[in-house]
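Computed from a predicted model, the values in this text were never measured in an experiment. The first residue of the sequence shown is numbered 1, and numbering continues consecutively from there. Just so it is clear, the values below take in all heavy atoms, side chains as well, and ignore hydrogens, waters and symmetry mates.
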Amino acid sequence: MRTPVLLRRLLGTAVGSLLLIGGLVLGATAPAAADPPEIRFENLCGAVAFDWDTGTIGGDETWATTVLRDGVVIDEFEMRERGGQKYGARDGAVFEIRREGLPAREYLHRSPADCVDPPQLTVTAASECSSLLVTFGNLGTTPITGIQVLIEGVGGRDVPPVATGSRDLHFRLADGARFYVVTPLGSGFAHWFSGTYDRPERCNPDEVEVRFTDGCDGVRVDLTSTAGGVFRVEVLAGGSVAGTAVLAAGGDARVDVTAAPGTAVLVRDVVGGSELGRHTVGEPACATPTPTSDGSTPTPTSDGTAPTPGGSSAAPPGGGGGLPVTGASTTLFSLAGSLLVGTGVALFLLTRRRRLRFSAGNGRA
């Protein structure tokens, strides 16, 4: 009876030891929960550097992270246990990194003392119907070179040097494509802006209505949009650009084109190239102006008819041209004559009274 009891005790001890060893092994190989990292910040010339490290090994957890510069979102990414990023910055820029588990904190960029002429770049972007509009601004006096737009799945696009002021560039992207605006920094890049091209709704060419109205010297082009985004429109007359318009979402615009009858007019999306409308200028029913008595030619009125001499396009009452209107002049002369007669009578009476008084005085002497 003692042998089975001893055997059970030995088996129990062995199982307990195996469980303990297995727990230790699993504990050593399982990734530890990542603690919120302390963000380290460094000022660079024309940029800032962030890096972080939770101290864990083997973890694969990520956290959605948003980066703001001067209150504007410039980057969104998945933060891992360790990593780093560099962002372009002007002196005085304020950065903020938002991530769950991280305390709220702002980082102020100050250019190092040995930093000479850093880029004074600003970047904004907007998704339009046919392209991504990126506006580059240079607040300094030195042209900014080396700018690139990196497009996910496509590659890089070089941006011409940006002089003082601003420049708009359009980039054709697939809906949902990610893009990054960067400049060279050491052996890598400084990120200035990133985002996703989100094509607005109802951006088909048939969302733009085009109406043509022939006039005396060409054609008027009226545009109305029901699209959810911006269309940039170009009007060609005889193959040459005759006008452009920025057609806002749900907005309207007008382009007046000077062209001779028979001229072909084409309206198209200047970025995407889609045709929006086509027309041939017709022969308008415009009257030929008749020279006036002084040799000048009156300007046709809005309805295409020439005004009559004297500035009025309507004939005087009575038809047939009628007699000249003289009522105003006759009244004026009547008033002037009455005034002169009244003045003469008054002077005559005054003179007569003085003569009578003088004669009476001489008789008494």
Side-chain angles (χ1 to χ4, degrees), residues 44 46-50 62-69 72-80 83-89 95 97 119-138 143-163 165-208 225 227-234 244 246-249 268-276:
L44 304 175
V48 299
F50 292 97
T62 61
W63 298 268
T65 305
T66 302
V67 181
L68 296 88
R69 181 181 58 217
V72 178
V73 175
I74 62 170
D75 195 13
E76 293 177 309
F77 65 96
E78 292 291 325
M79 180 184 285
R80 304 186 68 86
Q85 190 64 281
K86 295 180 176 67
Y87 296 102
F95 286 82
I97 294 183
Q120 303 293 312
L121 181 65
T122 63
V123 183
T124 59
S127 294
E128 298 187 348
C129 274
S130 300
S131 67
L132 173 74
L133 170 66
V134 183
T135 301
F136 301 91
N138 182 358
I144 302 174
T145 60
I147 305 173
Q148 282 190 311
V149 177
L150 308 179
I151 303 172
E152 189 178 62
V154 176
R157 305 278 181 85
D158 293 330
V159 176
V162 178
S166 63
R167 167 181 291 179
D168 290 341
L169 292 179
H170 294 268
F171 299 89
R172 300 294 302 278
L173 278 71
D175 188 22
R178 188 80 177 158
F179 67 92
Y180 307 85
V181 178
V182 301
T183 56
L185 181 65
S187 59
F189 295 98
H191 288 70
W192 286 87
F193 194 89
S194 68
T196 301
Y197 173 62
D198 184 13
R199 191 169 188 258
E201 297 179 350
R202 306 185 312 281
C203 272
N204 298 318
D206 56 9
E207 296 290 345
V208 178
S225 173
V230 172
F231 269 105
R232 295 182 180 268
V233 178
E234 182 178 66
T244 60
V246 177
L247 193 56
R268 69 180 183 183
D269 173 5
V270 68
V271 179
S274 301
E275 181 178 320
L276 303 175

(message) To check you understand the geometry: which heavy-atom pair defines the closest contact between Val73 and Phe193, and what is its length?
(response) O-CE1, 3.8 Å

(message) Quick check for you: to the nearest 0.5 Å, what is the distance between Thr62 atom OG1 and Arg80 atom CZ?
(response) 6.5 Å

(message) Just to verify, what does Thr183 make a side chain to side chain donor-acceptor pair (under 3.5 Å) with, not counting sequence neighbours?
(response) Trp192

(message) Ignoring hydrogens, what is the shortest heavy-atom contact between Ala125 and Phe179? Give both atom names and the distance.
(response) CB-CZ, 3.9 Å

(request) Kindly compute the distance separating OG1 (Thr122) from CD1 (Ile144), expressed to the nearest 0.5 Å. (result) 8.0 Å

(message) Taking salt bridge (Lys or Arg N to Asp or Glu O under 4.0 Å) as the definition, give me every residue that meets it alongside Arg69, ordered by chain and number, with sequence neighbours left out.
(response) none

(request) Can you sort out the partners of Leu169 under side chain to side chain contact (heavy atoms under 4.5 Å, CB included), two or more places apart, ordered by chain and number? (result) Phe136, Val159, Pro160, Arg167, Phe171

(message) I need the minimum non-hydrogen distance between Gly146 and Pro184, along with the two atoms involved.
(response) O-CD, 3.3 Å

(request) Run the salt-bridge test on Arg178 and Asp75 with the 4.0 Å N-O cut-off and return the result as yes or no. (result) yes

(request) Please identify each residue that fulfils salt bridge (Lys or Arg N to Asp or Glu O under 4.0 Å) with Arg157, with sequence neighbours left out. (result) none

(message) Suppose the criterion is side chain to side chain donor-acceptor pair (under 3.5 Å): which pairs have a residue in residues 123-133, not counting sequence neighbours?
(response) Glu128-Arg232, Ser130-Asp269, Ser131-His170

(message) Once salt bridge (Lys or Arg N to Asp or Glu O under 4.0 Å) is applied, what residue pairs with a partner in residues 180-194 remain, sequence neighbours excluded?
(response) none

(request) Can you sort out the partners of Arg199 under side chain to side chain contact (heavy atoms under 4.5 Å, CB included), two or more places apart, ordered by chain and number? (result) Asp175, Tyr197, Cys203

(message) Would the distance check show the side chain of Thr65 and the main-chain N or O of Trp63 forming a donor-acceptor pair, the cut-off being under 3.5 Å?
(response) yes

(request) Begin from the C-alpha positions of Leu121 and Ile147 and carry the test side-chain contact (heavy atoms from CB on, under 4.5 Å) through to its verdict. (result) CA-CA 10 Å; Leu121 181 65; Ile147 305 173; 4.0 Å; yes

(request) Output all residues satisfying side chain to side chain contact (heavy atoms under 4.5 Å, CB included) with Ala47, sequence neighbours left out; order by chain, then residue number. (result) Leu44, Leu185, Ala190

(message) Run the side chain to side chain contact (heavy atoms under 4.5 Å, CB included) test against Ala227 and tell me which residues pass, sequence neighbours left out.
(response) Cys129, Glu207, Ser225, Phe231

(request) For Glu275, check side chain to side chain donor-acceptor pair (under 3.5 Å) against everything at least two apart and list the hits. (result) Arg278

(request) Side-chain contact test, heavy atoms from C-beta onward, threshold under 4.5 Å: evaluate it for Phe95 versus Ile74 and give yes or no. (result) yes

(request) Looking only at non-hydrogen atoms, find the nearest pair between Val48 and Ala89 and report the distance. (result) CG1-CB, 4.2 Å

(request) Work out which heavy atom in Arg172 is nearest to a heavy atom in Val271; give both atom names and the distance. (result) NH1-O, 3.6 Å

(request) Can you measure from OH (Tyr180) to CD1 (Ile151) and round to the nearest 0.5 angstrom? (result) 12.0 Å

(message) According to side chain to side chain donor-acceptor pair (under 3.5 Å), who are the partners of Asn204, at least two apart in sequence or on a separate chain?
(response) none

(request) Under the side chain to side chain donor-acceptor pair (under 3.5 Å) rule, collect the residues that match up with Glu152, sequence neighbours excluded. (result) none

